[in-house]
2 protein chains.
Amino acid sequence: MNIKEASEKTGVSSAAIRYYEKESLIPEIDRTEVGNRDIDDRIIRRITFVTQMRAAGMSIDSLRRYIQLFDAQEDNTKEQKAILQEQLAVMEEKRDDLQSAIDHLNYKLNHFYDHMETTEEELRELERQHAEKKANQ
Amino acid sequence: MNIKEASEKTGVSSAAIRYYEKESLIPEIDRTEVGNRDIDDRIIRRITFVTQMRAAGMSIDSLRRYIQLFDAQEDNTKEQKAILQEQLAVMEEKRDDLQSAIDHLNYKLNHFYDHMETTEEELRELERQHAEKKANQ
DNA sequence: GCTTGCCTTCAAGTACACATTAAGGTCTAT
DNA sequence: ATAGACCTTAATGTGTACTTGAAGGCAAGC
């Protein structure tokens, strides 16, 4: 499969696929005789994995670190698990934040009045959370 | 309240507050006699609103458009509601995507093997979704 | 009167994640 | 054999969302 077909299959642009390869987010891709990339299903799966993690908010840099660990020969399953679990925690927090914002918007929609501004109670709660986060650092 | 206190209260940097004002995400802030910003709770609430929507993935540009509509004199409640509802839909989709990725990672953690790559079935499902999205455009 | 610490504006710099362009190679069809 | 549609690398450009730096003003404390 050439890069264009891979692009169409994954929804990731050709330029982005080359970029991912260069940045070691996906393995080095085999080449045809004339030097064109020949992409197989293993690569497609890796691209798809990258896309999912990117959509979930993982940065190129974090992804590279994880993948390098993964590709290393040593048995670092524990470390890999830890990283996955860390990422999972980040994503769950993101999801919860998103849910809060959704609740907030739903509230505003239901009480459609002064809806652009946070209410006093909400503000106090947010301030409390902010202070808490700071204390946790 | 000066800009530094406002920054500490909201967790948004002084520079970012100035930037938000310049970009009309928050109203023009009152000044003291010497020209320093004097920030009241109304502004704090607006900053907090912006922070929430930003964290939920709303761009500066979309936010500005929404806020400009809101600040306009005409009665455009319906339009505002529509925009809020649109944003709500975007956020819910984001939350669901995030949940899918979380499920995916959890699965990988539980079947810790070949976990970096998407399975064949998942791949087929993703391809299906991709085709569907394309068809919807 | 000088340092410290806050503030101001305006311009320029930065990080991320690609996208685009340039210059050229290969393959297929007409 | 020339066009068209792919491909390659390398360098440069782009948009977003700020951050940082320069140059200066104001007020308090030593």
Closest non-hydrogen atom pair, I26(B) against I17(B): CD1-O, 3.8 Å
Can you give me the first and the last nucleotide of DNA chain C (5' to 3') that has an atom within less than 4.0 angstrom of a non-hydrogen atom in chain A? dA17(C) to dC27(C)
Can you name the closest pair of heavy atoms from D38(B) and I29(B) and give their distance? O-CG2, 3.7 Å
Would you say dT8(D) has OP1 or OP2 under 4.0 Å from some side-chain N or O of R18(A)? yes
Nearest-nucleotide comparison on DNA chain C, the residue closer to the 5′ end among I3(B) and K22(B): I3(B)
Interatomic spacing from OG in S100(B) to CE in M91(A) - rounded to 0.5 Å: 9.5 Å
Modelled atom types, side-chain donor and acceptor of S59(B) and S62(B), under 3.5 Å: yes
Rounded to the nearest 0.5 Å, how far apart are CD1 of I43(B) and OH of Y20(B)? 14.0 Å
Between I39(A) and A6(A), what is the shortest heavy-atom contact and its length? CD1-CB, 3.6 Å
Letter per nucleotide, 5' to 3', of nucleotides 15-28 of chain D [B base touched, S only sugar-phosphate touched, - untouched; heavy atoms, 4.0 Å]: --BBBB-----SS-
What distance separates Q99(B) CD from N106(B) CG, expressed to the nearest 0.5 Å? 8.5 Å
What pairs meet the salt bridge (charged side-chain N to carboxylate O under 4.0 Å, His left out) rule with one or both residues in residues 53-63 of chain B, with sequence neighbours excluded? D61(B)-R64(B), D61(B)-R65(B)
